[in-house]
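Shown next, in structure tokens, is the structure this report addresses.
Along the sequence shown, residues are numbered consecutively beginning with 1.
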Amino acid sequence: MIRNRSIRSAMTGVWPAILCILTVGCADDHSQRVRLDQQVQRPDVSVVLITVDGLSVDKMDELLADGALPNIRRMIDGGVRVERAVSGWPTITYAQVTSLLTGQFPGHHGILGNKWFDRYSLICRDYATMRTYRHTDRDFTASTLYERLHDRMTVSIQCAVRRGATRIVDNWARSGIGWFFGMFDAVDAIMPIRFEKIAPLANRTAVWPVLIHAYFPALDEIGHRHGPDSAQYRETLIHVDRHIGRIREAVASAGMADRTWMVLVSD
């Protein structure tokens, strides 16, 4: 009886947070609320870097042909697609995201995977836990894009590699609870909501960021669990496309559409 009461008591405290996660899906029902004050300085060029972890090019092309990814289609048709990009090795999340943000291969920046062991220094790292997933920044010395833009406004949204970013827009509790309960799409759905926070930030600082990095983790997890040919993977990628559309809407609402380069990458 004591054990049962303890479990009920614990769940009573957890359920409000779970319900908070469940309401994230309602984010698709309203327009992006991004309004900039007149005094905000708008850079001549701003970059929105969108990282979709675990994105299968073959599956993306299949859904593009089906017309299921209209927002990614607009990015491709209105821009440039790199067909023969060179990736570092290994093609694993922490190694490649660090490469993306430093411009160096894993063998140079030193983050060789999600888990790694250096037999010479006897250093062992495992970033795949709730306690350690943000520790990557401690283990490499290469300059990040944020550090190279130290005198400009930069923003990191939901990415574990964020050293040097002027502002980090994150919500560990909401993302962590969603991830713990396997609500991976719900974690991605938080992204447009967080993107709305950039406008108040710009209004307070009187400057719009020159770099915004938006990181979507769900597709990678779904791919590992169900495979890229699964219905779950297809549905998650369609959701990511919808969130990208809302980011595009936010940029346009801020009056930055004609000054923004939107870049879609994966590991």
Test side-chain contact (heavy atoms from CB on, under 4.5 Å) on Phe195 and Val169; report intermediate values, then the result. CA-CA 8 Å; Phe195 212 90; Val169 182; over 6 Å; no
When you group the ILVMFWY residues by side-chain heavy-atom contacts below 4.5 Å and let the links chain together, are Val45 and Leu145 in the same group? yes
Below 4.5 Å, heavy atoms only, C-beta onward: do Asp139 and Tyr94 meet side chain to side chain? no
Could you walk me through whether Glu62 and Arg234 pass the side-chain contact (heavy atoms from CB on, under 4.5 Å) check? CA-CA 10 Å; Glu62 177 185 319; Arg234 175 188 176 93; 4.2 Å; yes
With no hydrogens and no angle check, is any side-chain donor or acceptor of Gln96 less than 3.5 Å from a backbone partner on Gly88? yes
Taking all non-hydrogen atoms of both residues into account, name the closest pair between Gln158 and Pro217 and its distance. NE2-CD, 3.5 Å
Taking Arg42 for the side chain and Val40 for the main chain, is one N or O donor matched with an acceptor at less than 3.5 Å? yes
Write down the atom of Thr102, the atom of Phe140, and the distance for their closest heavy-atom approach. CG2-CE1, 3.7 Å
So does Arg131 have more than 12 non-hydrogen atoms from other groups sitting under 6.0 Å from CZ? no
Distance col, row Leu69:CG vs Arg242:CZ, nearest 0.5 angstrom, shows 10.5 Å
Is it true that a side-chain atom of Arg163 and a backbone atom of Asp137 form a donor plus acceptor pair closer than 3.5 Å? yes
Would you sort out whether Val52 and Met60 count as a side-chain contact (heavy atoms from CB on, under 4.5 Å), showing the intermediate values? CA-CA 11 Å; Val52 180; Met60 180 185 75; over 6 Å; no
Flag yes if more than 12 heavy atoms outside His108 fall under 6.0 Å of its NE2 atom; otherwise flag no. no
For a 4.5 angstrom cut-off between non-hydrogen side-chain atoms, does His226 reach Thr236? no
Would you say Thr93 and Asn114 are linked by a side-chain donor-acceptor pair, where the criterion is simply a distance under 3.5 Å? no
Please determine whether residues Phe216 and Ile168 belong to a single hydrophobic cluster, defined as Ile, Leu, Val, Met, Phe, Trp and Tyr linked transitively by side-chain heavy-atom distances below 4.5 Å. no
Are any side-chain N or O atoms of Glu147 and backbone N or O atoms of Thr144, one a donor and one an acceptor, separated by less than 3.5 Å? yes
Common cluster, Phe105/Leu112, ILVMFWY with side-chain heavy-atom separation under 4.5 Å: no
Looking only at heavy atoms, what is the nearest atom pair of Ala202 and Trp208, with distance? CB-CE3, 3.9 Å
Over all heavy atoms of both residues, which pair between Gln104 and His109 is shortest? Give the atoms and the distance, please. O-CD2, 3.1 Å
Taking the side chain as C-beta and beyond, is there a heavy-atom pair between Asp241 and Pro70 under 4.5 Å? yes
Output for pair (Arg167 CZ, Ile212 CD1), nearest 0.5 Å, gives 13.0 Å
Value rounded to 0.5 Å, distance of CG in Leu63 from CD in Glu235: 10.0 Å
When clusters are formed by joining ILVMFWY residues with side-chain heavy atoms under 4.5 Å apart, either directly or through shared neighbours, do Ile50 and Ile76 land in the same one? yes
Are the side chain of Asp267 and the backbone of Gly54 linked by a donor-acceptor contact shorter than 3.5 Å? yes
Answer yes or no: is there a side-chain heavy-atom contact under 4.5 Å between Pro43 and Arg259? no
Is it true that a side-chain atom of Asn71 and a backbone atom of Val240 form a donor plus acceptor pair closer than 3.5 Å? no
Looking at side-chain heavy atoms only, is the closest gap between Arg134 and Arg162 below 4.5 Å? yes
Counting distance only, does the side-chain N/O of Tyr233 pair as donor-acceptor with the main-chain N or O of Ser56 below 3.5 Å? yes
Under 4.5 Å between any side-chain heavy atoms of Cys159 and Val97, yes or no? yes
Could you check if a side-chain atom of Phe184 sits within less than 4.5 angstrom of a side-chain atom of Arg225, using non-hydrogen atoms only? yes
Solution key, residues 148-155 side-chain donor-acceptor pairs under 3.5 Å, sequence neighbours excluded:
residue: Thr154; atom: OG1; partner: Thr166; partner atom: N; Å: 3.0
residue: Thr154; atom: OG1; partner: Thr166; partner atom: OG1; Å: 3.2

Looking only at heavy atoms, which two atoms of Ala95 and Pro106 are closest? And how far apart? CB-CG, 3.9 Å
Do side-chain atoms of Thr132 reach the backbone of His135 as a donor and acceptor pair under 3.5 angstrom? no
Do you know the tightest heavy-atom contact between Ser87 and Thr91? OG-CG2, 3.2 Å
Identified side-chain contact (heavy atoms from CB on, under 4.5 Å) counterpart of His213 within the set Val263, Val48, Leu49, Val161: Leu49
Could you state the interatomic distance from CG (Asp185) to CG (Leu237), rounded to the nearest 0.5 Å? 10.5 Å
Euclidean distance, Asp220 CG relative to Thr51 OG1, rounded to 0.5 Å: 12.0 Å
Do Ile238 and Leu264 sit in the same hydrophobic cluster, where Ile, Leu, Val, Met, Phe, Trp and Tyr count as joined when their side-chain heavy atoms come under 4.5 Å apart? yes
CZ (Arg138) and CD1 (Ile111) are apart, to the nearest 0.5 Å, by 12.0 Å
